Undergrad: 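Structure below; questions to follow.
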Amino acid sequence: MTRSAPMTPRTDRIVVVGAALLDGGRLLAARRSAPADLAGRWELPGGKVEPGEGPEDALVRELREELGIDAEPVERVPGEWPLRAPYVLRVWTARLCPGSPEPRPLQDHDELRWLAPAEIWDVAWLDQDVPAVRAVAPHLTAGIH
């Protein structure tokens, strides 16, 4: 009788955190300036979770690095969306901390836009962000932030 290998948790995926940064019923979109194949398209800001870092901590760090803001995660948006292998996107709603400066594009972005619910689809989202934005849209109309 042969024995099968023990089950181990999947470690072949790298989590990318995205922020559905909400303020006054609006969602922040960031236009990519790099890399070249993504430039000009819009995304939810965020980035990779580093080894030993929790996803909420990564979200706070990424927003500080990319936008120069202090923000706090509010709640995880249900779902996980595949990016280019081995990456997967997980999204949290987030809000600016009191006293935080206004967001500004610092890394990999050249423009930011606050989008009201009726404007969500006025920008050309990255294909991989579209399902996440669809999942976030009810938070805008419900006024959750």
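For clarity, every value in this text was computed on a predicted model and none was experimentally measured.
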Undergrad: Is the shortest side-chain heavy-atom distance between Lys48 and Val16 below 4.5 Å?
TA: yes

Undergrad: Taking all atoms of both residues into account, what is the closest heavy-atom pair of Ile120 and Trp125, and its distance?
TA: O-NE1, 2.8 Å

Undergrad: By the salt bridge (Lys or Arg N to Asp or Glu O under 4.0 Å) test, which pairs, at least two apart or in different chains, include something from residues 116-139?
TA: Arg41-Asp127

Undergrad: Mind checking side chain to side chain donor-acceptor pair (under 3.5 Å) for Glu111 and listing every partner two or more places apart, or none if nothing turns up?
TA: Arg31

Undergrad: Write down the atom of Leu115, the atom of Ala29, and the distance for their closest heavy-atom approach.
TA: CD1-CB, 3.7 Å

Undergrad: If you compare all heavy atoms of Ala39 against all heavy atoms of Ser33, which two are closest, and at what distance to 0.1 Å?
TA: CB-O, 3.7 Å

Undergrad: Applying side chain to side chain donor-acceptor pair (under 3.5 Å), can you list everything that pairs with Glu53, at least two apart in sequence or on another chain?
TA: Arg61

Undergrad: Identify, with sequence neighbours excluded, every residue that meets side chain to side chain contact (heavy atoms under 4.5 Å, CB included) alongside Leu38.
TA: Arg32, Pro35, Leu126, Gln128

Undergrad: Can you sort out the partners of Ala132 under side chain to side chain contact (heavy atoms under 4.5 Å, CB included), two or more places apart, ordered by chain and number?
TA: Leu44, Trp81, Leu89, Val91

Undergrad: Who else is in Leu106's hydrophobic cluster (ILVMFWY, side-chain heavy atoms under 4.5 Å, direct or via others)?
TA: none

Undergrad: Are any side-chain N or O atoms of Arg95 and backbone N or O atoms of Pro98, one a donor and one an acceptor, separated by less than 3.5 Å?
TA: no

Undergrad: What residues join Leu63 in its hydrophobic cluster, counting side-chain heavy atom gaps under 4.5 Å, either direct or through other members?
TA: Val15, Val17, Leu21, Leu28, Val49, Leu59, Leu67, Ile69, Val88, Trp92, Leu96, Leu112, Trp114

Undergrad: Minimum heavy-atom separation for Gly25 and Pro117, please, with both atom names.
TA: O-CD, 3.4 Å

Undergrad: With sequence neighbours left out, what residues match Asp70 under side chain to side chain donor-acceptor pair (under 3.5 Å)?
TA: Arg64

Undergrad: Please name the pair of heavy atoms, one in Pro101 and one in Gly68, separated by the smallest distance, quoted to 0.1 Å.
TA: CG-O, 3.2 Å

Undergrad: CZ of Arg90 to CD of Glu56: how many Å apart, nearest 0.5 Å?
TA: 10.5 Å

Undergrad: According to side chain to side chain contact (heavy atoms under 4.5 Å, CB included), who are the partners of Ala34, at least two apart in sequence or on a separate chain?
TA: Asp108

Undergrad: How many angstroms lie between atom CD of Glu66 and atom NE2 of His109, to the nearest 0.5 angstrom?
TA: 5.0 Å

Undergrad: Mind checking side chain to side chain contact (heavy atoms under 4.5 Å, CB included) for Pro86 and listing every partner two or more places apart, or none if nothing turns up?
TA: Ile14

Undergrad: Can you give me the closest heavy-atom contact between Arg26 and Leu140, atom names plus distance?
TA: C-CD2, 3.6 Å

